[in-house]
There are 2 protein chains.
Amino acid sequence: MNTDVFLCSNCPMTRTMATLGSKWKPIIIYTLGKKSVRFGMIHAKMGLISRKVLTQQLVELEEDGIVARQAFKELPPRVEYSLTPKGLELLPILNMMTKWNLKHNPTVEEG
Amino acid sequence: MNTDVFLCSNCPMTRTMATLGSKWKPIIIYTLGKKSVRFGMIHAKMGLISRKVLTQQLVELEEDGIVARQAFKELPPRVEYSLTPKGLELLPILNMMTKWNLKHNPTVEEG
DNA sequence: GATTGTGGTAACCTTAAAGTAACGATTATG
DNA sequence: CATAATCGTTACTTTAAGGTTACCACAATC
């Protein structure tokens, strides 16, 4: 019988979850999709996220090479975010998660 | 231009992340794989998780229909956990996440 | 009658993530 | 010189997740 202990710190799945597994990151990635989107527009689309947290998450996503940030030297400032190739490759995974959920969870109507 | 606000509460991806996106759940699912595994064995394999948290996560996974719990009427007690069909369908998704990470993140050797 | 093995539970504490509210920089506009 | 627009930052508070320790039930064994 296999009794090897699973080593979290070195597990690619755990690292992926550590990268994506926050409340907002998957939604940010989905919101960006294949487009380049301004900070204010991301914020508006996501509705309830605070600007502080959105900034934080975007910085982390950029550090992880998932999102690219492009700042234009204009005033008032304009900053656009888009997915890198690495980030784009997450879209099919997020899509599978969506399909899995739709298949197994009957849609809940609230309110 | 599309300015629709994204509704998190009704988003299948967000619901999926809410279901899976904890520190331990993906590892539990991966540890179970296609087998039926005793509580103590899961705990031993996962190394650092506390029994309290493991119990908690297993209860939630069972409530979400991802894991099945089978208690044998023996003493000392024996309880085995396994993935339901719904849970088994997560394995390829977790696998894609693993592949994505291995492709993009050079393995880090620590210690 | 003390010890072992198994799958838990209960009470409490710590830490990490997220939320809130106010402010900063810069230029154009009125 | 006050206001608006845009993308932030800073300091502080709240909330949720996870961790720690000790305990319980029950039968078999010594």
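Letters A, B, ... mirror the listed sequences (proteins, then strands); counts begin at 1. Because the structure is a prediction, the values reported are computed rather than measured.
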With the side chain counted from C-beta on, respond yes when A:Met97 and A:Lys99 share a heavy-atom pair under 4.5 Å apart, and no when they do not. no
Can you tell me how far P of D:dT9 sits from NE2 of A:His43, to the nearest Å? 14 Å
Which value, rounded to the nearest 0.5 Å, describes the distance between A:Ser36 atom OG and A:Met41 atom CE? 12.0 Å
For atom CZ of A:Arg69 and atom C1' of D:dC7, their distance in whole Å: 8 Å
Would you please confirm or rule out a distance under 4.0 Å between OP1 or OP2 of C:dG5 and any side-chain N or O of B:Arg38? no
Is the backbone of A:Ala68 close enough, under 3.5 Å, to the side chain of A:Thr84 for a donor and an acceptor to pair up by distance? no
Examine distances only and state if a side-chain atom of B:Trp100 and a backbone atom of A:Met13 form a donor-acceptor pair shorter than 3.5 Å. no
Once each nucleotide of nucleotides 11-30 of chain C is scored for protein heavy atoms under 4.0 Å, what B/S/- sequence comes out, 5' to 3'? B------BBB-----BS---
Nearest-Å distance, CE (A:Met41) to P (D:dA5)? 15 Å
If you look at every strand shown and take non-hydrogen atoms under 4.0 Å, does A:Phe72 touch a base, only sugar-phosphate, or nothing? nothing
How long is the straight-line distance from NZ of A:Lys35 back to CD1 of A:Ile42, given to the nearest 0.5 Å? 10.0 Å
Parallel, tilted or perpendicular: which fits the ring planes of B:Phe39 and B:His43, with parallel below 30° and perpendicular above 60°? parallel
Whole angstroms only, please: what is the CD-P distance between B:Glu74 and C:dG8? 13 Å
So, is A:Tyr81 near the phosphate of D:dC7, with a side-chain N or O under 4.0 Å from OP1 or OP2? no
Grab the CD-C1' distance between B:Glu80 and C:dG8 for me, whole Å please. 16 Å
Set out, in order, the CA-CA distance, both residues' side-chain angles and the distance that settles salt bridge (charged side-chain N to carboxylate O under 4.0 Å, His left out) for A:Arg69 and A:Glu80, then state yes or no. CA-CA 6 Å; A:Arg69 179 183 190 275; A:Glu80 292 191 359; over 6 Å; no
Quick one: does A:Thr98's side chain have a donor or acceptor within less than 3.5 Å of a partner on B:Pro12's backbone? no
Exercise: do B:Gln57 and B:Ser22 side chains pair donor with acceptor under 3.5 Å: yes
Angle, rounded to 10°, between the helical axes spanning five pairs at each terminus of the helix from C:dG1-D:dC30 to C:dG30-D:dC1? 30°
